[in-house]
Participant: 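For reference, the structure I am asking about is given below.
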Amino acid sequence: MTDKPLYSSIHQENIQELVHAFYPKILKDELVAPFFIAKLGDNIESPLWKEHLKLLTEFWKFVALGFDEYEGNPLKPHLEMQGISREAFSNWLKLFHETVDERFDETAGSYLKDKSAEIAENFMRKLNL
Ligand code: HEM
């Protein structure tokens, strides 16, 4: 990672790379992984996970670049998660920000980090956490 220059702009290839680097980390987080395993299993190579990675790539391309393939409802699956907590969101964000920092410079990275924090705050508010 350290020998690669950091991205100074956001584009569809590095968004895909970000998403694909983030979820393997999520699957190693004791607090957050169980929510994903319950829905998608623990094999990141499975068709269900591939679908999730594709959907989340589309989501971030929509958020950061205005692409229009994403047609989901971002909040909905989280509303049905029993036991989700502020601590779980905090771990999710920490790992997302860490993954961003490994790839993006300060300007491009801060956009993605601010957006993710904003969306997480929104989710937590709507989940009454
Ligand atoms: C502790 C925090 C979180 C957990 C445990 C979690 C878990 C999950 C799981 C398990 C799914 C798949 C649901 C399914 O396919 O049935 C999902 C979907 C999704 N998550 Fe999260 N998530 C968290 C935080 C976030 C945050 C902060 C964001 C955005 C910044 C986000 C964005 C999304 C999106 C866009 C989807 C797809 C929704 C759809 O269109 O169906 N998640 N999440």
Side-chain angles (χ1 to χ4, degrees):
M1 205 87 282
T2 45
D3 52 354
K4 255 182 106 181
L6 297 172
Y7 297 119
S8 58
S9 62
I10 303 167
H11 47 76
Q12 49 178 326
E13 289 79 16
N14 58 32
I15 287 278
Q16 188 186 32
E17 192 185 313
L18 173 69
V19 168
H20 283 246
F22 172 58
Y23 285 98
K25 291 186 190 218
I26 278 288
L27 273 180
K28 292 198 188 107
D29 185 279
E30 272 184 30
L31 193 56
V32 186
F35 294 101
F36 284 89
I37 293 170
K39 288 281 177 179
L40 307 171
D42 62 1
N43 176 10
I44 202 125
E45 307 287 335
S46 72
L48 266 182
W49 265 102
K50 284 209 169 114
E51 197 49 47
H52 181 69
L53 298 180
K54 185 166 172 277
L55 187 65
L56 269 289
T57 301
E58 283 167 2
F59 172 73
W60 281 108
K61 278 161 58 180
F62 164 68
V63 171
L65 301 169
F67 282 41
D68 63 1
E69 286 111 327
Y70 180 74
E71 287 177 340
N73 179 337
L75 179 65
K76 192 163 178 282
H78 309 92
L79 288 172
E80 294 149 7
M81 275 171 212
Q82 297 294 319
I84 197 160
S85 60
R86 288 193 75 88
E87 290 71 29
F89 272 96
S90 163
N91 284 19
W92 189 106
L93 273 179
K94 183 175 159 282
L95 290 173
F96 191 79
H97 290 195
E98 187 184 297
T99 317
V100 169
D101 285 337
E102 284 165 1
R103 287 171 177 73
F104 293 87
D105 72 7
E106 181 52 33
T107 312
S110 62
Y111 179 81
L112 293 164
K113 289 189 281 182
D114 289 353
K115 268 288 168 200
S116 61
E118 197 182 295
I119 298 166
E121 273 305 325
N122 248 309
F123 282 11
M124 285 190 281
R125 196 177 60 248
K126 290 182 173 144
L127 292 163
N128 295 316
L129 295 176

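Counting starts at 1 for both ligands and their atoms, in listed order. Please read all numbers here as calculations on a predicted model, not as lab measurements.
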Participant: Looking at E80, I want to see if its CD is surrounded by more than 12 non-hydrogen atoms of other residues, nucleotides or ligands under 6.0 Å.
Facilitator: yes
Participant: Heavy-atom contacts under 4.0 Å between F96 and ligand 1: side chain, backbone, both, or neither?
Facilitator: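 Answer for F96: neither.
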Participant: Which one holds for K76 and ligand 1: side chain close, backbone close, both close, or neither close, with close meaning a heavy atom under 4.0 Å?
Facilitator: neither
Participant: Pick whichever of F35, F59, F36 has a heavy atom sitting closest to atom 7 (C) of ligand 1.
Facilitator: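 Selected option, by shortest heavy-atom distance: F36.
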Participant: When you look at I26 and W92, which way does the side chain to side chain contact (heavy atoms under 4.5 Å, CB included) test go after all the steps?
Facilitator: CA-CA 7 Å; I26 278 288; W92 189 106; 3.8 Å; yes
Participant: Run the numbers for me: atoms of ligand 1, each under 4.0 Å from some heavy atom of G72, listed by number.
Facilitator: 40 (O)
Participant: Side-chain contact test, heavy atoms from C-beta onward, threshold under 4.5 Å: evaluate it for L127 versus F89 and give yes or no.
Facilitator: yes
Participant: Quick one: does ligand 1 sit under 4.0 Å from the side chain of Y23, the backbone, both or neither, non-hydrogen atoms only?
Facilitator: neither
Participant: Please enumerate all residues that pass side chain to side chain contact (heavy atoms under 4.5 Å, CB included) together with S90, with sequence neighbours excluded.
Facilitator: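 Scan of S90 (side chain to side chain contact (heavy atoms under 4.5 Å, CB included), adjacent residues dropped) gives none.
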Participant: Protein N, O or S atoms at less than 2.8 Å from atom 21 (Fe) of ligand 1, how many?
Facilitator: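 Atoms of protein N, O or S type lying less than 2.8 Å from atom 21 (Fe) of ligand 1 total 1.
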Participant: Under 3.5 Å, is there a donor-acceptor pair between the side chain of N14 and the main chain of H11?
Facilitator: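 Checked: pair present.
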Participant: According to salt bridge (Lys or Arg N to Asp or Glu O under 4.0 Å), does anything in residues 111-124 pair up with another residue at least two apart or in another chain? List the pairs.
Facilitator: R86-E121, D101-K113, K115-E118
Participant: Compare N122, L40, L31, L55 and give the one whose heavy atom is closest to atom 15 (O) of ligand 1.
Facilitator: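 Checking each option, the heavy atom nearest atom 15 (O) of ligand 1 is found in L40.
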Participant: Closer than 4.0 Å to some heavy atom of F89 - which atoms of ligand 1 meet that?
Facilitator: 1 (C), 2 (C), 24 (C)
Participant: I'd like to know whether the aromatic ring centres of F96 and W60 sit less than 6.0 Å apart in this structure.
Facilitator: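 Aromatic pair counts; centres sit under 6.0 Å.
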Participant: Distance under 4.0 Å to a non-hydrogen atom of A88: what atoms of ligand 1 satisfy this?
Facilitator: 1 (C)
Participant: At a 4.0 Å cut-off, with the gap strictly under it, does some heavy atom of W49 reach an atom of ligand 1?
Facilitator: no
Participant: What closest approach, in Å, do F35 and G83 show between heavy atoms, and which atom pair accounts for it?
Facilitator: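 Closest approach of F35 to G83: CZ-O, 3.5 Å.
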Participant: Give me the ring orientation class for F59 and Y70: parallel if the planes are under 30° apart, tilted from 30 to 60°, perpendicular past 60°.
Facilitator: perpendicular
Participant: Just which atoms of ligand 1 are under 4.0 Å from any heavy atom in M81?
Facilitator: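 Reading through ligand 1 atom by atom, the close ones are 7 (C), 8 (C), 9 (C), 10 (C).
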Participant: Could you identify the single nearest non-hydrogen protein atom to atom 18 (C) of ligand 1 and state the distance to 0.1 Å?
Facilitator: H52 CE1, 3.6 Å
Participant: With sequence neighbours left out, which residue pairs that include part of residues 34-53 fulfil the salt bridge (Lys or Arg N to Asp or Glu O under 4.0 Å) condition?
Facilitator: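 Counting only pairs at least two positions apart or across chains, no salt bridge (Lys or Arg N to Asp or Glu O under 4.0 Å) contact touches residues 34-53.
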Participant: Hey, are the side chains of I15 and F67 touching, using non-hydrogen atoms and a 4.5 Å cut-off?
Facilitator: no
Participant: Under a 4.0 angstrom heavy-atom cut-off, which atoms of ligand 1 come close to W60?
Facilitator: 30 (C)
Participant: Of all the atoms in ligand 1, which lie at a distance below 4.0 Å from a heavy atom belonging to I119?
Facilitator: 29 (C), 30 (C)
Participant: Could you tell me which atoms of ligand 1, counted from 1 in the order shown, lie closer than 4.0 angstrom to a heavy atom of Y70?
Facilitator: 35 (C), 38 (C), 39 (C), 40 (O)
Participant: Identify the protein heavy atom lying closest to atom 14 (C) of ligand 1, giving its residue, its atom name and the separation to 0.1 Å.
Facilitator: K39 CD, 4.1 Å
Participant: Give the cluster check for F22 versus L6: same hydrophobic cluster or not, with ILVMFWY residues linked at side-chain heavy-atom distances below 4.5 Å.
Facilitator: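 F22 and L6: separate clusters.
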Participant: So for ligand 1, is S116 a polar contact partner (N or O within less than 3.5 Å, distance only)?
Facilitator: no
Participant: Please say whether more than 12 non-hydrogen atoms of neighbouring residues, nucleotides or ligands are located less than 6.0 Å from CD in E30.
Facilitator: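 Open.
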Participant: Does a salt bridge link E17 with K4, judged by any charged N lying under 4.0 Å from a carboxylate O?
Facilitator: yes
